[in-house]
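For reference, the structure discussed in these notes is given below.
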Amino acid sequence: MNTYSSIYAVVQQIPVGRVATYGQIATLANLHGKARLVGYALYRVVDGSSIPWHRVINAQGKVSESPFRNGSDDLQRSLLEAEGVEFNHAGHINLRQYQWQPDLAQFFPDESRI
DNA sequence: GCCATGACGGAGC
DNA sequence: TGCTCCGCCATGG
């Protein structure tokens, strides 16, 4: 289980109709503060894998994408809207409403008993 | 092996 | 509210 495997494992936990932020994924993957690695990991994985990468957005509730990847902003947005996630006038997602709230005990069993 | 870069985040101004 | 800078670390040239 390497760094990226952890990230992918977490991303795959995101349920349909929910989104998670890079920072959140990083924390759940035991990489708190290393959100960049999450973005980098997802950048490499969009390779025909089954990772729901479109459910990962930045902390501002907005979709980010690399200019090097075929205008995926519309694609990602479409995929999310198809799952019931709504965007406001500014293209933002209401995190309060759609952010995934995982069972922390599943990721940090040791800390859950504190 | 060194340097630049990158789907981010948070602090500072 | 919005922009800039710094930290983090894996990857590619």
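Protein chains get the first letters and strands the later ones, always in sequence-line order, with residue 1 at the start of each. This one's a predicted model, so the numbers in the text were calculated from it and none came from an experiment.
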Would you say Y8(A) and L37(A) are hydrophobically clustered, going by side-chain heavy atoms of ILVMFWY under 4.5 Å?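 Looking at the clustering, L37(A) is in a separate group from Y8(A).
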Separation of atom [atom1] in [X] from atom [atom2] in [N], rounded to whole Å:
X      : N      : atom1 : atom2 : value
W53(A) : dC8(B) : CH2   : P     : 13 Å
I7(A)  : dC9(C) : CD1   : P     : 12 Å
L37(A) : dC9(C) : CG    : C1'   : 5 Å
Y40(A) : dA4(B) : OH    : C1'   : 11 Å
R44(A) : dC9(C) : CZ    : C1'   : 13 Å
I25(A) : dC8(C) : CD1   : P     : 22 Å
N30(A) : dC8(C) : CG    : P     : 17 Å

I want to check a possible cation-pi pair here: R77(A) against F87(A), using under 6.0 Å from ring centre and within 45° of the ring axis as the test.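 Judged by the rule, R77(A) and F87(A) form a cation-pi pair.
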Output one line per pair: protein atom, nucleotide atom from nucleotides 9-13 of chain B, and distance, for all N/O pairs under 3.5 Å.
from, atom 1, to, atom 2, distance (Å)
dG9(B), OP1, A59(A), N, 2.9
dG9(B), OP2, A59(A), N, 2.8

Output yes when a side-chain donor or acceptor of Q13(A) lies under 3.5 Å from a complementary backbone atom of A9(A), and no otherwise.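 Judged by distance alone, yes, a pair lies under 3.5 Å.
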Anything under 30° is parallel, anything over 60° is perpendicular, the rest tilted; go ahead and classify F107(A) against W100(A).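 Perpendicular, since the angle between the ring planes exceeds 60°.
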When you compare the side chain of V63(A) with that of L80(A), does any pair of heavy atoms fall below 4.5 Å?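 The answer is yes; the side chains approach within 4.5 Å.
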Should the pair R55(A)-E83(A) be classified as a salt bridge under the 4.0 Å nitrogen-to-oxygen rule?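 E83(A) and R55(A): salt-bridged.
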